[in-house]
Structure formats: structure tokens, C-alpha cells
S.K.: 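Mind looking over this structure? Questions follow.
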Amino acid sequence: EVVSLIKGITYGSVFILFTSYLLQLGNLPRAVLFIDWLFLIVFLGAMRLAYRLFYRKRAAFDIERLLSRKLVEFGFEEAVKTFKGKKVLITAGPTRESIDPVRFITNRSTGKMGYEMAREAKRRGADVTLVSGRVNLKAPYGVNLINIESAQDMYEEVMKRAGESDIIIKSAAVADYTPQNKSNIKIKKQSGDMKIELERTHDILFEVGQAKTDQQILVGFAAETNDVIENAKSKMQRKNLDFIIANDVKKESAGFGTDT
């Protein structure tokens, strides 16, 4: 859309210049030039209105990606590339644990934290892989995005790449439990109650922490509702983390989908 707008301006300008040239030769009356200028003003006004009504959000996103790509290509961000040469593995978003083809167990994670960290790591020059659950976000430019569905999917993708990563940031909200028996057809409503037996999923952060070398940095997250600092410190120690980010999800303007 932006390219079309630029083309329209260019064609209109060429038309005006050509008409002006003919006018100087005395072959056209001044009224033609006036009509040409009026045409260009109306044309540009219509293009601007269409842009404002239909394409502003998409164009803004495209421009952001274009600028980001060009800054990287031309080296204008060289001064902040503190992660140059580093491989960074980041997880983000929720997992979905299927009950049947219609229903699943999930959580409130939006993936916002992980995607922003992936964007910044890439801006600083890192080779970034983002393993993400289902979210409504666009992947940052230049990041290797791997989409997953379940905790088992997340486990497999992370364990494939953890050993070769310099920095591992586990911000995904991975399900601790998954249905023991998953139905391949929709479970119909019955009279009375229903019980779903759950079994533990892999503790990805723990397993990565156990295999971590002294040269690697492992970062975890703790989303807590009580005893935030104590629980975060305990998790950091149990899972052999280098850093942990503790979030009080009950705090106002904090938790899932916010900028804090």
C-alpha cells in the first residue's frame, strides 16, 4: 500500500511536469495546468484517506519491519550488539493440553514477554530461536519462530536446541499436567459429574538446568500469587537457574498481557 501511494505521487508529478513543459511551449492553455493541479490534489487526498481508513495499521507494521531490517543490514545498530555471535533460545506463550478434538486445558499467558525479549535479543545481534505456543503476536523480524501446541511439543523442541544455546530464557507458561487419556472424538455430555485424570508433564526448566554447563546462562520465570520472593528463590535454587524473574500476578496492572 505504501509503495502504491509513492507510485501514485510519482506518476501524478510526472504528469504535471510534462503538462507544464507543454505549456511553456505554448501548446496548452493555462486552464489545463489548473485542472492538472486540481487532479493531483484530489488524487493525493483520496489516497491519504484510503491509507488512513484501511491500511494504517498494516503499513505501520510493514514500515517497522522494513526499518528494522534496514538498520540491521546497514549496521546502524552495531553499537548495541552486545549479543553478537550468541545463540539465544527463548520460549513464550501457553501450551494446550487436549482433552478431545474440541476441548483443551491452557492458561492465561499471552506470550508478550517472550516476544519482546526475542525482539531485543535480535536487535542486540543474537541468533534467536523463539519456541512459542499459540499467541496473537507477530514474530519479530529475523527471529527463527517454532510454533508448538502441547507441553510435550515444547519439551522436544527445547531439548533439541538447549545444548547448543548460549542463553536460554524460559518465559513460556508450560502446563504442569496433561490429560492421561485424550479422546480422538468429542466427549458427549452425560448425566452426572465427569472426572479427568491428569498426569505430570516434563519439567523442562529442571531438565535444562540439570544439563546446563558453566558457559550457559539459564533464566526462568515465576508467576506467583503469594510468597512471591520466597517461592522465586526456591525455584531458582531447585532448578539451577542463573536468574529468575518473579511476577506477582495478583498485583494491579501486573501479570499476563501487561507491560510490567
Side-chain angles (χ1 to χ4, degrees), residues 72 75 77-95 107 109-133 135 137 139-178 200-224 227-249 254 256 260:
V72 171
E77 293 193 341
E78 197 68 35
V80 297
K81 290 190 175 180
T82 51
F83 287 178
K84 190 173 183 179
K86 300 293 185 182
K87 289 188 175 182
V88 178
L89 175 63
I90 300 174
T91 67
T95 57
N107 55 68
S109 174
T110 63
K112 189 172 184 178
M113 177 72 75
Y115 275 64
E116 288 303 317
M117 289 190 295
R119 187 189 311 280
E120 181 62 19
K122 182 61 182 178
R123 192 178 74 86
R124 290 173 179 263
D127 178 4
V128 182
T129 297
L130 178 61
V131 182
S132 174
V135 297
L137 298 170
Y141 172 75
V143 167
N144 177 30
L145 176 65
I146 299 172
N147 292 306
I148 59 91
E149 180 84 7
S150 67
Q152 180 63 30
D153 297 336
M154 178 76 76
Y155 172 77
E156 293 173 1
E157 295 298 339
V158 169
M159 299 310 293
K160 283 179 189 176
R161 297 166 174 81
E164 62 185 25
S165 301
D166 299 294
I167 302 171
I168 305 165
I169 303 175
K170 291 285 284 88
S171 65
V174 183
D176 296 321
Y177 295 90
T178 188
R200 281 286 285 122
T201 59
H202 290 281
D203 190 334
I204 304 174
L205 189 57
F206 177 80
E207 293 195 31
V208 173
Q210 293 301 301
K212 180 177 74 72
T213 67
D214 293 338
Q215 288 72 42
Q216 291 179 304
I217 295 175
L218 179 59
V219 183
F221 282 73
E224 302 291 345
D227 301 325
V228 176
I229 301 302
E230 293 80 358
N231 288 337
K233 286 182 177 180
S234 174
K235 183 174 183 178
M236 184 176 180
Q237 184 177 14
R238 287 183 289 106
K239 304 199 177 185
N240 194 29
L241 308 181
D242 297 289
F243 300 94
I244 193 165
I245 293 87
N247 290 317
D248 185 346
V249 297
F256 300 107
T260 55

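Keep in mind that what you see is a predicted model, and the values were worked out from it rather than measured.
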S.K.: Rounded to the nearest 0.5 Å, how far apart are NZ of Lys112 and CE of Met117?
M.R.: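 Nearest 0.5 Å value for the NZ-CE distance: 13.0 Å.
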S.K.: Identify the heavy atoms of Tyr115 and Leu145 that sit nearest to each other, and give their distance.
M.R.: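 Of all heavy-atom pairs spanning Tyr115 and Leu145, the closest is OH-CD1, 3.7 Å.
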S.K.: Indicate the atoms forming the closest heavy-atom contact of Tyr155 with His202, along with that distance.
M.R.: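 Result for this residue pair: CD1-CB, 3.4 Å.
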S.K.: Is any side-chain heavy atom of Lys87 closer than 4.5 Å to one of Thr129?
M.R.: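 Counting from C-beta outward, Thr129 and Lys87 never come under 4.5 Å.
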S.K.: So which atom in Ala175 and which in Thr95 form the shortest heavy-atom distance, rounded to 0.1 Å?
M.R.: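 Closest heavy-atom pair between Ala175 and Thr95: N-OG1, 3.0 Å.
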S.K.: With a 6.0 Å cut-off (strictly less than), is the heavy-atom count around NZ of Lys86, excluding the residue itself, greater than 12?
M.R.: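 At most 12 heavy atoms, drawn from other residues, nucleotides or ligands, come within 6.0 Å of this atom.
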S.K.: Is it true that Glu157 and Arg161 make a salt bridge, defined as a side-chain N closer than 4.0 Å to a carboxylate O?
M.R.: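 A salt bridge links Glu157 with Arg161.
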S.K.: Taking the side chain from Glu224 and the backbone from Ile229, do they hold a donor-acceptor pair closer than 3.5 Å?
M.R.: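 No: the side chain of Glu224 does not pair with the backbone of Ile229.
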S.K.: As an exercise, state the distance from NZ of Lys122 to CD1 of Ile90, rounded to the nearest 0.5 Å.
M.R.: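 If I round to the nearest 0.5 Å, the distance is 11.5 Å.
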S.K.: Would Lys160 and Glu156 pass as an ion pair if we require N to O under 4.0 Å?
M.R.: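 Judged by the 4.0 Å cut-off on N to carboxylate O distance, Lys160 and Glu156 do not form a salt bridge.
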S.K.: Which heavy-atom pair separates Thr91 from Lys170 by the least distance, and what is that distance?
M.R.: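 Smallest interatomic distance, heavy atoms only, reads OG1-CA, 3.3 Å.
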S.K.: Under the side-chain contact (heavy atoms from CB on, under 4.5 Å) rule, what do Asp203 and Lys239 come out as? Steps first, then yes or no, please.
M.R.: CA-CA 9 Å; Asp203 190 334; Lys239 304 199 177 185; 3.1 Å; yes
S.K.: Measuring from atom CG of Leu218 to atom NZ of Lys212, what distance do you get when rounded to the nearest 0.5 angstrom?
M.R.: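 Result: 6.5 Å between the selected atoms.
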S.K.: Does this structure show an ion pair linking Lys233 with Glu230, if we count only N-O contacts that are shorter than 4.0 Å?
M.R.: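 Salt bridge flag = no for Glu230 with Lys233.
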S.K.: Can you give me the closest heavy-atom contact between Asn107 and Ala173, atom names plus distance?
M.R.: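 Result for this residue pair: ND2-O, 3.0 Å.
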S.K.: Can you check side chain to side chain donor-acceptor pair (under 3.5 Å) on Asn231 and Ser234, steps first, answer last?
M.R.: CA-CA 5 Å; Asn231 288 337; Ser234 174; over 6 Å; no
S.K.: Find the distance between CD1 (Ile169) and CZ (Phe221) and round it off to the nearest 0.5 Å.
M.R.: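 Taking CD1 in Ile169 and CZ in Phe221, the distance rounds to 7.0 Å.
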S.K.: Got a second to check how far Asn240's CG is from Phe206's CZ, nearest 0.5 Å?
M.R.: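 Reported to 0.5 Å precision, the distance equals 9.0 Å.
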S.K.: How far does CG of Asp176 sit from OG1 of Thr178, to the nearest 0.5 angstrom?
M.R.: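 Between Asp176 CG and Thr178 OG1, I get 11.0 Å after rounding to 0.5 Å.
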S.K.: Walk me through it: do Met154 and Val131 pass the test side-chain contact (heavy atoms from CB on, under 4.5 Å)?
M.R.: CA-CA 7 Å; Met154 178 76 76; Val131 182; 3.5 Å; yes
S.K.: Give me the atom names and distance for the closest heavy-atom approach of Ala246 to Val228.
M.R.: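 Answer, listing the atom of Ala246 first, then Val228: CB-CG1, 3.8 Å.
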